[in-house]
Structures are given as C-alpha cells and as structure tokens.
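The structure appears below as structure tokens.
Scope of the values below: all heavy atoms of this structure, side chains included, with no hydrogens, waters or symmetry mates. If you're wondering where the values come from, they're calculated on a predicted model, not measured in any experiment. Here is the naming used below: chain letters follow the sequence lines, and residue numbers restart at 1 for every chain.
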Amino acid sequence: MHGSIEEGRSGLLPPGEGEVLRLPAPLPLDCGRTLESVDVAYETYGTLNEDRSNAVLLCHPLTADQFAGRDHPVTGKPGWWSYLIGPGLPLDTDRVFVVCANVLGGCMGSTGPASLDPETGRPYGLGFPVVTISDMVRAQAALLDALGIGRLLAVVGGSMGGMQALAWAADFPERVRNAAILASAARHTPQNIAFHEVGRQAVMADPAWRGGDYAGEEPPKAGLAVARMAAHVTYLSEAALEEKFGRRFQDRASLGYGFDADFQVESYLRHQGSSFTDRFDANSYLYITRAMDYFDLGSGEALSERFSGTKTRFLLASFTSDWLYPTPESRRVVRALHGAGAAVSFVELRNDRGHDAFLIPDPAFEAVLEGFLGTAMREAGV
Amino acid sequence: MPTTTSRYDVIASLVPHGARVLDVGCGDGTLLRRLAEERGAQGYGLEIDAGAVSAAVAQGLSVVQGDADTDLQDYPDGAFDAVILSNSVQALRDPIFALRQAVRVGKRAVVAFPNFGHWRIRGQLLLSGRMPRSRALPASWYETQNIHLCTVLDFLDLCRDGAFVPEAAYGLSDRRARRFDPSSPKLSNLRAQEAVFALSAGT
C-alpha cells in the first residue's frame with residue numbers, strides 16, 4: 001500500500017521522492033467521466049495512532065503541493081506550512097498524523113493532465129477530464145480509505161484548501177470532526193473567475209502551449225509565467241507592495257526609459273513568474289483554476305442545507321487585507337453554518353499581507369489555529 | 001442563592017442545565033467557560049473585538065466575530081435556549097432591535113446591565129453636577145462605549161415598548177442578589193447597582 005510506485009509517477013515529482021498511491025478503484029467524476037487509473041501523491045507528518053483517531057488532512061492551495069512540512073524536492077525551499085507542522089506546533093506531530101496529498105489534476109505526482117493517458121500512452125493534455133473540488137476531495141477520501149483512516153480529527157486548508165475543507169464537511173460530514181477554513185470561500189466570485197481567466201488566456205496565448213499538447217521539454221513557460229505574475233499580485237495587498245518595494249529601482253539609480261525591469265516590483269514579479277514554471281505544469285494550472293471557478297456550494301438557505309445536521313466544529317478565519325477572498329465571503333459561510341445550527345468560530349485577523357497572510361507567520365493567526373486544533377485534540381483524547 | 005452573589009451567578013441560575021447558550025458580547029469567553037463547567041451548557045459567543053475572539057477561540061470556544069447590532073439576524077429562530085447580553089445591551093446602537101432578535105433566536109434573553117437609578121449614582125449627579133462614573137464604568141462620557149445607559153425603570157419602559165415579557169428580575173448590590181417583582185420596581189431601582197432580567201417575546 002505504501003511505497004513509491006515508479007511507474008505511477010507523473011508530473012514534476014522527481015523519481016523516488018515521496019509517497020504515491022495508486023487508487024484501488026476507478027474514480028467517478030462530477031463531469032460524468034471516470035478515471036480508470038488514479039495516482040495520489042502524498043506526504044505524512046507524525047504517526048497514526050492505534051485507533052486511527054489522530055489524522056488531520058491538510059489541503060493545499062492552488063500552487064502548493066503535498067510538501068507542506070518538509071523541504072520541497074524540486075525547489076529545495078522549506079515546506080509551505082513548515083512553521084506550523086512539527087512537535088509542539090499547531091499541527092503538533094507528537095499528537096496528530098498529518099496527511100497532505102497533491103490534488104487530483106495537480107502536477108506533483110498525482111494524476112493530472114501531464115500524466116500518461118493509459119489509452120494513448122501519451123500525456124492527457126486537454127484530454128484530461130475537467131475535475132472539480134469535490135472530485136479532488138473524493139480522491140483524498142479514497143486515499144484515506146486505503147490508509148485505513150475513517151474519521152478525520154480535522155480537515156484544514158487555506159484558499160483552495162479551504163474550499164476542499166468545506167467540500168469535505170459538506171460531502172462527508174460523518175468523516176470530519178473539525179474543519180478549519182482559512183482565507184477561503186464557498187464559491188468563486190466573478191472577480192475570482194475573471195483573474196483566473198486572465199491567467200488561463202496567458203497560458204493559451206503562448207505558442208508553445210500548442211493546444212495543450214506540448215512536449216515535456218518545451219512547456220509554455222512564458223505564458224505560465226505571466227499567469228503567475230498576474231495571480232501573484234492578487235495574493236498580495238497594496239500595503240504589502242508599498243512596504244516591500246515602494247517605487248524603488250532595481251539595480252539602477254534612475255528611470256531607464258525602456259522596458260527592462262526598472263522597478264523592484266517588476267523584477268520580483270518576473271522572478272516569481274519564471275521560478276514558478278520550474279515546479280508547475282501549465283495544463284495543471286488550467287485544470288486547477290477551472291476547478292476553483294466551478295466551485296459553488298450555493299448561497300443562503302441552499303448553502304445552509306449543505307451542512308444541515310452537521311456535527312462538525314468549524315473555524316473560519318479571514319484577513320483584513322485579503323481582497324481575493326475577502327471577509328464577507330467567510331461571513332456568508334458563517335451565516336449559513338449558523339442556519340445549520342453548527343458550532344462555528346470566526347475571526348477576521350488584522351493583517352496587511354493580503355491573501356497570502358495565511359502562508360506567513362503571524363502570532364494571532366497561529367494562536368487561533370493552535371487553540372482550535374488543541375481543543376480538537378483534547379476532545380478526541382489524542 | 002449563596003450569600004455572596006455576582007452577576008455571573010445570577011445569569012448562571014437563569015440558564016437551564018445543558019442549554020444551548022449564545023453570549024452576545026462574550027469578550028474572551030469567561031462566562032461561556034463558566035456556563036460550560038457549571039451548567040453543562042453548550043456555549044456560543046458573538047463578540048465584536050477581534051483580539052477577544054482570538055483569545056476565546058484559542059481556548060476552544062465557538063465564538064464568532066461580529067456586531068450584535070447587525071449579526072444576530074444571521075441566526076435562525078429558536079436556535080438557542082438562552083441568549084445572554086451581559087453588560088452589552090448599553091453598548092448597542094439599537095437595543096430594542098437587538099433584544100427582539102435575542103428573544104427570536106433564543107427561547108429567553110438574559111439581560112444584565114448597570115443600573116443608573118442606584119442611589120449612589122443619583123447622589124453623584126446631584127452633588128457633583130457631572131455624569132456619574134463608577135468602578136465598573138470608569139470612562140468619561142465622551143469616551144465610553146456605553147451609549148445607552150439606563151435605569152431599571154427605563155429598562156422596564158423598553159420592555160413595554162418592545163413587548164418583551166420580564167419573566168424574572170434581580171437587583172444586585174454589594175454582592176447580594178435580590179429577586180424583585182418587575183411590577184413594583186421602585187425600591188430595586190434605588191438600591192440595585194446592577195440588574196438582571198430574563199425576558200421572553202410577548203405575544
């Protein structure tokens with residue numbers, strides 16, 4: 001069940017890195033199609049206890065992956081939540097068993113558009129079915145089944161990970177004791193969809209994209225880099241940009257009267273764009289952004305009904321400067337959960353870092369998460 | 001009731017065992033924790049201050065950051081056995097609206113507030129000619145968040161105007177609680193430093 005499965009490896013995951021599980025059964029999808037063969041790449045942190053009651057599923061945001069708690073095998077950088085995962089930290093690996101899986105449609109070892117289509121022997125490309133957040137959750141559930149984990153102590157996720165956590169609580173309420181939904185929403189707003197469409201069109205406008213049928217060695221790096229640059233701006237805030245860069249020049253003392261990266265902010269974005277293409281597949285970017293755009297758990301009473309009778313305890317947190325998933329989107333969920341009679345906590349944290357605040361150390365945020373998860377652990381006796 | 005009684009004791013006595021309770025203006029959740037421990041209550045909180053909410057959530061309470069003037073509308077009818085406003089009603093912009101919401105989402109509302117009809121406060125105003133201050137309410141008039149201070153008699157006027165039924169009334173003075181009849185409140189209005197009312201929706 002465990003162990004790297006070389007032949008199942010796909011995407012950009014280096015050989016021999018991490019765990020990859022081939023799901024034992026085909027995976028039916030919301031679009032009506034079924035994926036016959038699905039790999040889920042995952043990492044675990046901590047130890048599963050004897051009665052398997054200490055498992056926490058951590059759901060990653062759009063451009064992150066399963067390497068949340070250890071150095072990334074491609075970039076060499078620390079895991080995206082490494083400051084929260086470990087002994088004595090909010091995701092206390094002395095007490096809980098953290099599972100983080102690369103999403104379906106991703107490119108870090110889980111089946112996605114870069115994987116080989118068993119029917120053609122070539123990468124799926126646009127032949128890959130359009131997947132949804134619920135499909136991602138179903139793949140995670142199948143992984144947990146294979147790992148022998150029934151009920152989760154908690155599902156935790158930020159941004160797209162928060163959408164998965166919400167979908168988990170809605171689709172598998174009996175399997176989720178606690179759910180933490182951070183800087184997230186129950187639907188993609190038109191503004192969210194609009195920004196994603198800009199990114200997708202940037203990818204598709206790159207001649208190297210070739211209708212999604214590019215060779216692994218010649219990916220549409222320029223288009224994907226532009227998509228990343230545009231998206232990255234939406235993850236920050238005006239205050240963060242002002243503080244970090246101002247109008248300061250990059251390696252020069254005055255205006256260049258040209259189109260080089262005169263400003264530090266330009267240089268930074270160009271670097272963000274180009275380094276992203278080393279660890280992300282362009283088609284995966286199209287599919288995952290599509291999954292997010294399709295995400296809509298409803299509103300008002302319909303949203304409430306998705307959670308009616310739930311026993312799950314919820315935490316929602318938003319950040320004051322997050323204009324991508326602003327506080328009113330979290331409040332919509334809180335209202336719906338009130339309507340469902342759910343136990344819910346919500347806090348809007350003062351933070352000027354923008355949407356990315358949930359990925360940046362912040363004592364107030366960490367205290368809230370630690371308190372919520374600490375209570376979950378105490379109540380479960382782990 | 002014990003000989004020494006606090007506002008919390010009176011409020012706790014008005015909350016049934018195992019009740020679902022919403023504490024409006026719960027701060028860091030001190031009352032909710034006590035109700036959970038002593039009354040086996042399932043406590044929920046609404047609090048406007050982010051720092052207090054963080055502190056409450058960090059202690060494992062279910063507390064939502066929000067404004068009682070607007071966000072009580074989000075809860076469904078009869079969601080709670082009791083909705084508590086402990087020293088928070090006087091900080092609301094529209095107390096009558098909020099109390100209507102409170103008796104809608106709760107089977108009863110428990111409302112505690114400082115009584116400005118207390119003889120010492122009357123004396124302060126009479127002798128000093130300035131707005132009274134107390135240990136419990138030390139802020140000056142231009143700094144205080146307590147924009148709707150009242151006396152026991154004033155509160156009973158609100159009950160009449162809002163068609164709330166005062167099911168029980170207590171006056172607290174020098175850490176002693178006395179139950180009083182809301183239909184003859186004048187003596188309590190003079191000697192209670194704080195008042196606690198249990199309200200239900202009138203028909």
Self-check item: Distance (rounded to the nearest 0.5 Å) between A:Arg335 CZ and B:Tyr75 OH
Solution: 11.0 Å

Quiz item: When you look at CD of A:Glu174, are more than 12 heavy atoms from neighbouring residues, nucleotides or ligands closer to it than 6.0 Å?
Solution: yes

Quiz item: Does any heavy atom of chain B fall under 4.5 Å from the side chain of A:Leu315, the backbone, both, or neither of them?
Solution: side chain

Quiz item: Under 6.0 Å from the CD atom of B:Glu167, do we count more than 12 heavy atoms belonging to anything else shown?
Solution: yes

Quiz item: Between A:Ala367 and B:Ala58, which heavy-atom pair has the shortest distance, and what is it?
Solution: O-CB, 3.6 Å

Exercise. Select, from B:Val53, B:Leu61, B:Val63, B:Asp77, the one with the greatest count of heavy-atom pairs under 4.5 Å involving chain A.
Key: B:Val63

Quiz prompt | Which portion of A:Glu348 sits near chain B, non-hydrogen atoms under 4.5 angstrom | solution = both

Quiz item: Relative to chain A, which segment of B:Ala79 carries a heavy atom at a distance below 4.5 Å: side chain, backbone, both, or neither?
Solution: neither

Quiz item: Can you check side chain to side chain contact (heavy atoms under 4.5 Å, CB included) on B:Asp71 and A:Arg331, steps first, answer last?
Solution: CA-CA 10 Å; B:Asp71 296 344; A:Arg331 282 200 181 281; 3.6 Å; yes

Self-check item: N/O donor-acceptor pair under 3.5 Å between B:Ser54 side chain and A:Val368 backbone
Solution: no

Self-check item: Per-residue contact mode, A:Arg350 against chain B (heavy atom under 4.5 angstrom)
Solution: neither

Quiz item: Is the closest side-chain heavy-atom distance between B:Asp74 and A:Val334 below 4.5 Å?
Solution: no

Quiz prompt | Atom CD of B:Gln145: over 12 foreign heavy atoms under 6.0 Å | solution = no

Practice problem: Let me know which of A:Thr327, A:Val347, A:Leu316, A:Leu349 forms a side-chain contact (heavy atoms from CB on, under 4.5 Å) with B:Gln65. | Solution: A:Val347

